[in-house]
Structure formats: structure tokens, C-alpha cells
Amino acid sequence: VQLQASGGGLVQAGGSLRLSCAASRHTFRNFLMAWFRQTPGEEREFVARIYWSGGSPYYADSVKGRFTISRDNAKNTVYLQMNILKPGDTAIYYCAAAPYLKGLSEYDWDDWGQGTLVTVSS
């Protein structure tokens, strides 16, 4: 599945952004979806994932209570609502897809979007 992420930008600490990831295939509903983020010199870090039906969202401890992952299968789109942003959230954010849950490492996900940059200023 081809993925196209959007919605990144520059925001002040404490602000909000909503990222979107549009999928190309009508079988989008058959894929688990996730968001990862990456800073220079680091591996991609898991942020959140959501099951096929939109249930059982799961978050990294660093974003729990501030970020919300959701999906609209009719629009082939997954979202990441990011609130109370911190400078430490600055990264390139990637969406990812997999047909079933293998793990939360970047190596466990099959298809990737191109990334969207989120910059949080202090």
C-alpha cells in the first residue's frame, strides 16, 4: 500500500497539530496502521498504532495522554492528533502499514509514507 503523510509544520510548545496519512488502496481496512518518528542520527521510534477496525489504540509512553491515533476506513486515512506539543516531539513523522501485528520496531512494518516534519519551538 502506498502512503502519503501530510500535516506537519512549525508550532509553539503547548500547541496542536493533526497529521494525516492517506493510503492508495481500497483494502486499507485490512492493514494495521502506525505512526513513527525519527530525529537525525536515531532509529525510527514507535509513536502509536491502531487496529483494522479502529479499536485498541496503543501509544508510546512519551505521547500517552497527548496524542490520539484514529482512522477513517471510508477515506483510507489514518490521523494523529497531537496536543500539548513539546520541543522533544520535534521529528519527522512517518506513517506505516502492516497486514498484521508483528511488533513495534520499525522493522516490523512493511509500507511507509514519505514523512512529514514537525517542529515544536520553545
Side-chain angles (χ1 to χ4, degrees):
V1 58
Q2 291 184 328
L3 304 172
Q4 180 77 31
S6 62
L10 174 64
V11 64
Q12 288 188 332
S16 298
L17 280 175
R18 189 177 82 154
L19 305 183
S20 299
C21 175
S24 62
R25 290 175 56 172
H26 68 282
T27 54
F28 171 76
R29 67 180 66 247
N30 294 336
F31 289 83
L32 278 77
M33 298 298 299
W35 287 95
F36 285 74
R37 64 188 183 186
Q38 187 174 29
T39 54
E42 301 292 329
E43 291 193 345
R44 290 180 187 180
E45 172 193 26
F46 168 78
V47 174
R49 64 104 173 106
I50 190 166
Y51 276 113
W52 309 270
S53 63
S56 300
Y58 183 79
Y59 301 93
D61 287 343
S62 58
V63 306
K64 200 173 296 182
R66 301 187 297 120
F67 290 12
T68 301
I69 188 171
S70 62
R71 65 190 294 164
D72 185 337
N73 287 341
K75 295 182 178 179
N76 290 354
T77 302
V78 62
Y79 305 97
L80 185 69
Q81 177 67 44
M82 305 186 294
N83 298 327
I84 317 175
L85 282 161
K86 305 175 182 179
D89 295 319
T90 296
I92 299 174
Y93 283 71
Y94 297 88
C95 53
Y100 59 93
L101 185 63
K102 292 173 277 188
L104 300 180
S105 163
E106 62 174 304
Y107 304 105
D108 296 320
W109 295 80
D110 300 327
D111 299 307
W112 293 86
Q114 86 289 1
T116 185
L117 177 62
V118 172
T119 303
V120 184
S121 63
S122 57

How close do Thr39 and Ala91 get, heavy atom to heavy atom, and via which atoms? CG2-CB, 3.8 Å
Taking atom CD of Gln81 as the centre, does the number of heavy atoms from other residues, nucleotides or ligands within less than 6.0 Å exceed 12? yes
Give me the atom names and distance for the closest heavy-atom approach of Leu85 to Arg66. CA-NH1, 3.9 Å
Counting only heavy atoms from other residues, nucleotides and ligands, does the tally under 6.0 Å from NZ of Lys102 exceed 12? yes
Which class fits the ring pair Trp112 and Tyr94: parallel under 30°, tilted 30 to 60°, perpendicular over 60°? perpendicular
Quick one: does Gln114's side chain have a donor or acceptor within less than 3.5 Å of a partner on Ala5's backbone? yes
Judged by atom type as modelled, is there a donor-acceptor pair below 3.5 Å linking the side chain of Trp52 to the main-chain atoms of Asn30? yes
Is there a side-chain contact between Met82 and Val118 in this structure, where contact means two heavy atoms from C-beta onward sitting under 4.5 Å apart? yes
Connected via hydrophobic side-chain network under 4.5 Å: Ile50 and Leu80: yes
Donor-acceptor pair, Thr119 side chain versus Thr90 backbone, under 3.5 Å? no
Do Leu32 and Val1 sit in the same hydrophobic cluster, where Ile, Leu, Val, Met, Phe, Trp and Tyr count as joined when their side-chain heavy atoms come under 4.5 Å apart? no
Test item: Tyr59 side-chain N/O and Ile69 main-chain N/O as donor-acceptor pair under 3.5 Å: yes
Closest heavy-atom pair, Ser121 versus Leu10, reported as atoms and distance to 0.1 Å, is CB-CD1, 4.3 Å
Within the structure provided, determine whether Arg49 and Ser56 are in side-chain contact (heavy-atom separation under 4.5 Å). yes
Looking at Ile84, Val47, Asn83, which one forms a side chain to side chain contact (heavy atoms under 4.5 Å, CB included) with Phe67? Val47
Does any non-hydrogen side-chain atom of Phe31 lie less than 4.5 Å from one of Asp110? no
Counting N and O atoms only, with roles assigned by atom type, does the side chain of Arg71 sit under 3.5 Å from a partner on the main chain of Tyr51, one being a donor and the other an acceptor? yes
Distance col, row Gln12:CD vs Ser122:OG, nearest 0.5 angstrom, shows 9.5 Å
Does Phe46 have Arg44 sitting over its ring (NZ/CZ under 6.0 Å from centre, angle to axis within 45°)? no
Hydrophobic clusters here meaning ILVMFWY residues chained together by side-chain heavy-atom distances under 4.5 Å, can you tell me if Val63 and Phe36 are in one? no
For a 4.5 angstrom cut-off between non-hydrogen side-chain atoms, does Asp89 reach Arg37? yes
Contact summary for Trp35 and Leu19, nearest pair of heavy atoms: CH2-CB, 3.7 Å
Determine the minimum heavy-atom distance between Leu104 and Leu101, stating which atoms define it. CD2-CD1, 4.3 Å
Has the side chain of Thr77 got a donor or acceptor atom that lies under 3.5 Å from a matching backbone atom of Lys75? yes
Measure the SG-OH distance between Cys21 and Tyr93 for me, rounded to the nearest 0.5 Å. 14.5 Å
Shortest non-hydrogen pair, Trp109 vs Ala97, comes out as CE3-C, 3.6 Å
Treating Ile, Leu, Val, Met, Phe, Trp and Tyr as nodes and any side-chain heavy-atom pair under 4.5 angstrom as an edge, say whether Ile92 and Leu3 lie in one connected cluster. no
